[in-house]
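All chains are named by letter (A, B, ...) in the order of the sequence lines, taking the proteins before the strands, and each is independently numbered beginning at 1.
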There are 2 protein chains.
Amino acid sequence: MARQRPGDSGAPTMRDVADRAGVSTMTVSRVLKEDARVSEATRRRVLAAVDALGYRLNATARSLRLGGSGMIGLIVTNLANPFYSRLALGVQEVASQHGLSMLLSNTGEELERERGLVEDLASRQVAGMIVVPAGGSHSHLTPAALRDMPVVLASRPPSGMAADCVLVDDFGGARDATAELIARGHRRIGFLGNPPAIHTGAERYRGYRAAHEAAGLEPDDRLVRRGLTDVATAERAARRLLAPESPESPASPGSPESREGAREPAPDAPTALFCTNNRLTQGAIRAVRALDVPVALAGFDDFDLADILGMPLTIVSYDADEMGRQAARLLVDRINGGPAASRPPRRTVLPTHVIRYGPE
Amino acid sequence: MARQRPGDSGAPTMRDVADRAGVSTMTVSRVLKEDARVSEATRRRVLAAVDALGYRLNATARSLRLGGSGMIGLIVTNLANPFYSRLALGVQEVASQHGLSMLLSNTGEELERERGLVEDLASRQVAGMIVVPAGGSHSHLTPAALRDMPVVLASRPPSGMAADCVLVDDFGGARDATAELIARGHRRIGFLGNPPAIHTGAERYRGYRAAHEAAGLEPDDRLVRRGLTDVATAERAARRLLAPESPESPASPGSPESREGAREPAPDAPTALFCTNNRLTQGAIRAVRALDVPVALAGFDDFDLADILGMPLTIVSYDADEMGRQAARLLVDRINGGPAASRPPRRTVLPTHVIRYGPE
DNA sequence: CTGTTAGCGCGTTCAT
DNA sequence: ATGAACGCGCTAACAG
């Protein structure tokens, strides 16, 4: 009862089915592929044997023979971010429509991990991959590195190479949301941004500035905080912007961050904040709630319950599922379209729209 | 320049490397596997050839030879639910620690789709799979159907078969949260539940009842709504429970659901609601906000910003990432432990804890 | 230390 | 309408 050969799982092979049905493996193969040129009688015998043995086609062997695995890879930076889980759902939807399975991995924004995962996907002969690049070099994603295996970048554009990509209108969304704040009379608008090295961080900052310029305003650099990465850092930054008398340098070591309660904002404090993503917006919300100051918030990325927080909130929204679907469509086109080098890369930009939540 | 044989992607094979290095493929294989018994000189020549050719090992061929793909499958019902995306992240974390890649698919709670996906995974020779079963029959997950391929169920227990599984303490969590409401003086506690046919729907309802019994109370069946599936249905159910004078049957066809505004709750309306999952809790929150009635809420599943909604909220929380990690560990144990039938199935139950949010 | 042999399970080509 | 032979790229088992 021990395993005979390595890799023998005991599962019946096409050979077993063929023997039982009294035909050759070729005939079994034809039946399974629904090839018409098989007599109804043998066809039935084969299917009966398949059923009796519980035979299942070995996709690995098939892939080896055919030179393609029928899988695509998806690499995201952070699946815990609802944005990326929606993206994944969109990718999966289109992929499965085309009979492709999805290998999904998470990088945690680590370039080295991304490199390893890309290697693994390539080694597994995926038909192509969709990558949300962690940032830094894209050298491991070039056609040269991947032998023209199709690659689509999502959320962030290729740098130093050509590739299909799907982006959101980061600039326009940030500009529109900021303009909305300006239209509501705000003149001192703070900026809570993710790292400028990340594409969204740069573009959304550009949008923030553009809205100011269009209104003949100059943003006050002292209200700008960039390089924020999570809820906690954003909350801290927001607190400091909104309550400058809380010393940046720890003057009173007794109660570091705890001097809360309703207070007047400082005279030069911002009257509104623009945040470049959902985590930063949440940090800002916490700060505003804790300090109880009347500040208007605007931010990128919609989120659940934004409408019932009971505070004025301007949100830049877009369709993350659709982004996944578009990325997958670009990829499938590329897969079915011959060598990747044959056509120029396409870039899709998803529209954003501004939503206004909360009390007037 | 056309492709010669089907499946010839033009990628160099081990043979090419061997030729260039003037050795046999076996030696190349040894070098790549870091087999010690290779002289440093040839080793270097081989690596040089690998580098020059941009050779990459073909994982498909390797899998065929070895009889295992180095992948595991994960099938969830709804990746858009943060709970399952965290689960996926936990699974991936442990999987990658063991050098396993993750094939992820979504069923949308459709049994037929689940069946197809399980077939596909089995066909791809995954080392094992973790499944959040959509409900209904589990016949496609039995050892017989899968030839003893390891399976771990997550979130919902096996029915009509034996299998490892990881669950949350649905009963205890619901009981504790309900008890908390009772301890705060609530006597009329409404129940908004997901379908009783789903394991969590049944267990959490049991917990709700158990808390009542433990306090010598009998829940009023008129306050119980089961079979709710999303935010919208939950909100509607909550509205009707909280404002019974809004007719269940449309008496005034003019303004169906729009008679809102602050109002007194009906005398026999519930003073608190227990909701069995995050979507239902959100529906209840919307109803409470819209009707502006003083109702305490309790619900399963923690969510972002729950703490700053400014309403009393009792949440049953648990670690979804950890659930994924545990499931993956069970699976890896099973994979490494020989035939699945050899040891009795294990069941892990994740603890829950009750969090109290909001004013008070 | 290195090479030769012999497949893993399937699909394709060519013959019958 | 059916089958025999061959090979996809890799590696375990044995030489030597």
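For the 3.5 Å distance criterion, the side chains of A/Ser39 and A/Thr42 qualify, holding a donor opposite an acceptor.
Across A/Val94, A/Val91, A/Leu103, a single residue satisfies side-chain contact (heavy atoms from CB on, under 4.5 Å) together with A/Ile72, and that is A/Val91.
With hydrogens and angles ignored, a donor-acceptor pair under 3.5 angstrom links the side chain of A/Arg30 to the base of D/dG3. If you check distances only, the side chain of A/Arg65 never reaches the base of D/dG9 with a donor-acceptor pair under 3.5 Å.
A donor-acceptor pair under 3.5 Å is absent between the side-chain atoms of A/Arg147 and the main chain of B/Ala11, judged by distance alone.
We find that CG of B/Leu64 is positioned 12 Å from P of D/dC10, with the value rounded to whole Å. C/dG9 atom C1' lies 9 Å from atom CD of B/Gln125, rounded to whole Å. The separation between B/Leu66 atom CG and D/dA13 atom C1' is 14 Å, rounded to whole Å.
Scanning residues 55-63 of chain A for heavy-atom distances under 4.0 Å to DNA chain C yields A/Tyr55, A/Leu57, A/Asn58, A/Ala61, A/Arg62. Within residues 12-26 of chain A, the residues approaching DNA chain D are A/Gly22, A/Val23, A/Ser24, A/Met26, by heavy-atom distance under 4.0 Å.
A distance of 12.5 Å separates OG of A/Ser101 from CG of A/Leu104, quoted to the nearest 0.5 Å.
Here A/Arg346 pairs with A/Asp333 in a salt bridge; the nearest charged N to carboxylate O distance falls below 4.0 Å.
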